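It should be emphasised that the depicted structure is a prediction, and the values quoted were computed from it without experimental measurement. In the text below, chain A, chain B and the rest are named by the order of the sequence lines, each starting its count at 1.
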Protein chains: 2
Amino acid sequence: MKRHVLIFGIVGGLLIATLQYTEYRFVVIEHSVELYGALVAILFAAFGIWLGLRITRRRETIRETVVVREVLVPAKVPAEARALEPFAPNTARQQTLGITARELEILTLVARGFSNREIATQLFVSENTVKTHCARAYDKLGAARRTQAVQRGKELGLLP
Amino acid sequence: MKRHVLIFGIVGGLLIATLQYTEYRFVVIEHSVELYGALVAILFAAFGIWLGLRITRRRETIRETVVVREVLVPAKVPAEARALEPFAPNTARQQTLGITARELEILTLVARGFSNREIATQLFVSENTVKTHCARAYDKLGAARRTQAVQRGKELGLLP
DNA sequence: TGCAAAATCATCCGAAAGGGTGACGACATC
DNA sequence: GATGTCGTCACCCTTTCGGATGATTTTGCA
């Protein structure tokens, strides 16, 4: 958290300096102040949004309400019909295999056909992190490839 | 989500206009551009953070733990559902997509988690051939990766 | 508050996968 | 016989994955 504020300040300062520098060099155009302000506004708004997402990303688990609901699910349903059913991963098996929630989360995205980079973008983490989670999940599932991990995950009731 | 972008634009425009107006009226001192930029930056950073919080806040709702009880359902989903044990691929869809039998055969092996080399060994063909079939299948399925192709194949009823 | 688990990120390297292109033979159809 | 489809294979190049390892930060809990 402290690091966020720090990089916020540093990046902000650098951005302002850069913008000022460029402005002093290219002030020949008209309305440069407006453009300058708009540029700063857009950049910092984007940065702020990113920061807001980043900060609050993990707070969701705090005030969650756990509701236990029982659902009757047909034992065997084809893939097309299964898409609508609420899927509940087999947490018992997940526990015994030692698969963490984050690993399972990434595994579901892998099963949906996303690349590591796409998953990293969606989850606001680096590609390396995704790869680490993947590797651990593969190891715990005894899989050598992502397709194999997906297959195993479906067999074990971990994935929809 | 669209509403957020809308109010973002409106408020942003108002802010810029206000800042320009006030600047033209009161800020005759030196370094007005720097102050102006810093002000805009801070305001928009705060606004961005607020927006980020607002966007993600409503996700902190209820997390329900669903307990699934498997139940044998008679014949709710008729034709495609019952032919599950010996899986019958959706040949109609296969035809319309122009997927050949060989491509589907290789696709099923891909879905089972085999590598191209393993598939080549099993089918007594070269790895290049497997890759060619894969590429054509991916193209016809609109997939960029093998996991995506598997996902699409299952959605379309081509794979078990 | 301190510790263990989990999550995050990085780097290196080799393997796997994917895109593009070209080619050749078998076979069916017209 | 010309045409088209399918299966087969090869080459080159780029991207993506995976394995191994080490490190730091965050979190949850006792």
Side-chain angles (χ1 to χ4, degrees), chain A residues 1-7 50-51 53-64 66 91 94-107 109-152, chain B residues 63 94-107 109-152:
Chain A
M1 179 62 127
K2 284 194 292 286
R3 207 189 54 200
H4 289 144
V5 181
L6 191 66
I7 61 176
W50 172 81
L51 228 189
L53 290 174
R54 170 117 202 167
I55 288 175
T56 59
R57 177 167 36 113
R58 200 137 296 294
R59 297 290 176 271
E60 301 173 12
T61 56
I62 291 183
R63 36 172 133 156
E64 66 179 8
V66 176
T91 49
Q94 180 186 348
Q95 295 262 327
T96 61
L97 289 174
I99 297 179
T100 69
R102 194 59 158 174
E103 287 161 1
L104 186 58
E105 181 182 8
I106 285 179
L107 209 54
L109 294 178
V110 167
R112 285 206 231 153
F114 293 110
S115 72
N116 288 342
R117 184 162 303 172
E118 290 168 344
I119 295 173
T121 304
Q122 285 187 39
L123 299 182
F124 300 104
V125 297
S126 86
E127 194 178 339
N128 287 312
T129 304
V130 176
K131 287 172 68 174
T132 303
H133 285 305
C134 280
R136 287 183 185 152
Y138 299 164
D139 186 49
K140 290 167 184 173
L141 286 171
R145 282 167 290 283
R146 48 174 49 208
T147 46
Q148 205 174 6
V150 169
Q151 171 70 3
R152 293 276 301 139
Chain B
R63 172 172 305 182
Q94 180 186 348
Q95 294 262 328
T96 61
L97 289 174
I99 296 178
T100 69
R102 192 63 158 171
E103 286 161 2
L104 186 57
E105 182 183 6
I106 286 180
L107 209 53
L109 294 178
V110 167
R112 285 206 233 154
F114 292 110
S115 71
N116 288 342
R117 185 164 303 171
E118 290 168 345
I119 295 172
T121 305
Q122 286 186 38
L123 299 182
F124 301 103
V125 296
S126 85
E127 193 178 339
N128 287 313
T129 303
V130 176
K131 287 170 69 173
T132 303
H133 285 306
C134 281
R136 287 180 186 156
Y138 299 164
D139 186 49
K140 291 168 183 173
L141 285 171
R145 282 166 289 283
R146 52 175 44 209
T147 46
Q148 204 173 9
V150 169
Q151 169 71 2
R152 294 277 300 137

Query - Ala149(B): side-chain contact (heavy atoms from CB on, under 4.5 Å) partners, not counting sequence neighbours - result: Leu107(B), Tyr138(B), Leu141(B), Ala143(B)

Query - Distance in Å, Leu109(A) CG paired with Ser115(A) OG, rounded so as to fall on 0.5 Å steps - result: 10.5 Å

Query raised in the report: What's the CG-C1' distance between Leu123(B) and dC6(D), to the nearest Å?
Result: 15 Å

**Report entry** For atom CZ of Arg117(B) and atom P of dA17(C), their distance in whole Å
**Finding:** 8 Å

Query raised in the report: Taking only residues two or more places apart in sequence, or in another chain, which ones meet Lys140(B) in a salt bridge (Lys or Arg N to Asp or Glu O under 4.0 Å)?
Result: Glu103(B)

Requested in this report: Write down the atom of Arg146(B), the atom of Phe114(B), and the distance for their closest heavy-atom approach.
Outcome: NH1-O, 3.1 Å

Query raised in the report: dC9(C) phosphate, OP1 or OP2: any side-chain N/O from Asn128(A) under 4.0 angstrom?
Result: no

Requested in this report: For DNA chain C, determine which residues of residues 97-104 of chain B have any heavy atom closer than 4.0 angstrom to one of its atoms, and list them numerically.
Outcome: none

Query raised in the report: Could you give the CD-to-P distance, from Glu118(A) to dT16(D), as a whole number of Å?
Result: 9 Å

Query raised in the report: Would one find a side-chain N or O of Thr129(A) under 4.0 angstrom from OP1 or OP2 of dC9(C)?
Result: yes

Requested in this report: Return each pair, listed once, that meets salt bridge (charged side-chain N to carboxylate O under 4.0 Å, His left out) where at least one residue sits in residues 113-122 of chain A; pairs must be two or more places apart or across chains.
Outcome: Arg117(A)-Glu127(A), Glu118(A)-Arg145(B)

**Report entry** Atom pair distance, as rounded to whole Å: CD1 in Ile106(B) and C1' in dT8(D)
**Finding:** 10 Å

Query raised in the report: Out of dG7(D), dA10(C), dT8(C), which nucleotide sits closest to the side chain of Val125(A)?
Result: dT8(C)

Query - Protein-nucleotide distance (Gln95(A), atom CD; dA5(C), atom P), rounded to Å - result: 14 Å

**Report entry** Axis-to-axis angle between the two ends of the helix from dT1(C)-dA30(D) to dC30(C)-dG1(D) (five base pairs per end, rounded to 10 degrees)
**Finding:** 60°

Requested in this report: With rounding to the nearest 0.5 Å, note down the distance linking NE2 in His133(A) to CD1 in Ile106(A).
Outcome: 4.5 Å

Query raised in the report: Could you state the CD-C1' distance from Glu127(B) to dG18(C), rounded to the nearest angstrom?
Result: 12 Å

Query raised in the report: Considering residues at least two apart in sequence or located in another chain, which fulfil the side-chain hydrogen bond (donor to acceptor under 3.5 Å, both in side chains) criterion with Glu105(A)?
Result: Arg102(A)

**Report entry** Whole-Å distance separating the CD atom of Gln148(A) from the P atom of dA16(C)
**Finding:** 13 Å

Can you name the atoms? Protein N/O to nucleotides 18-20 of chain D N/O, anything below 3.5 Å, with the distance.
from, atom 1, to, atom 2, distance (Å)
dG18(D), OP1, Arg146(A), N, 2.7
dG18(D), OP2, Tyr138(A), OH, 2.9
dG18(D), N7, Lys131(A), NZ, 3.3
dG18(D), O6, Lys131(A), NZ, 3.0

Query raised in the report: For Val150(B) and Ala111(B), which heavy atoms make the closest approach, and how far apart are they?
Result: CG2-CA, 3.6 Å

Report task. Nearest whole angstrom, please: distance from the C1' of dA7(C) to the NZ of Lys140(A). Result -> 11 Å

Query - Results of side-chain hydrogen bond (donor to acceptor under 3.5 Å, both in side chains) for Gln148(B) - residues two or more places apart only - result: none

Query - With Gln151(A) via side-chain hydrogen bond (donor to acceptor under 3.5 Å, both in side chains) - residues at least two apart - result: Glu155(A)

**Report entry** Partners meeting side-chain hydrogen bond (donor to acceptor under 3.5 Å, both in side chains) with Ser126(A) (sequence neighbours left out)
**Finding:** Thr129(A)

Query raised in the report: With a 4.5 Å limit on heavy-atom distance, are the side chains of Leu123(B) and Val130(B) in contact?
Result: no

Query raised in the report: From Thr91(A) OG1 over to Ile99(A) CD1, what is the distance, rounded to the nearest 0.5 angstrom?
Result: 12.0 Å

Report summary line: Applying salt bridge (Lys or Arg N to Asp or Glu O under 4.0 Å) to Arg112(A) and not counting sequence neighbours gives none

Report summary line: Note: for Arg136(B) and Arg136(A) on DNA chain D, the residue whose nearest nucleotide lies more 5' is Arg136(B)

Filtered N/O pairs between nucleotides 27-30 of chain C and protein, under 3.5 Å:
none

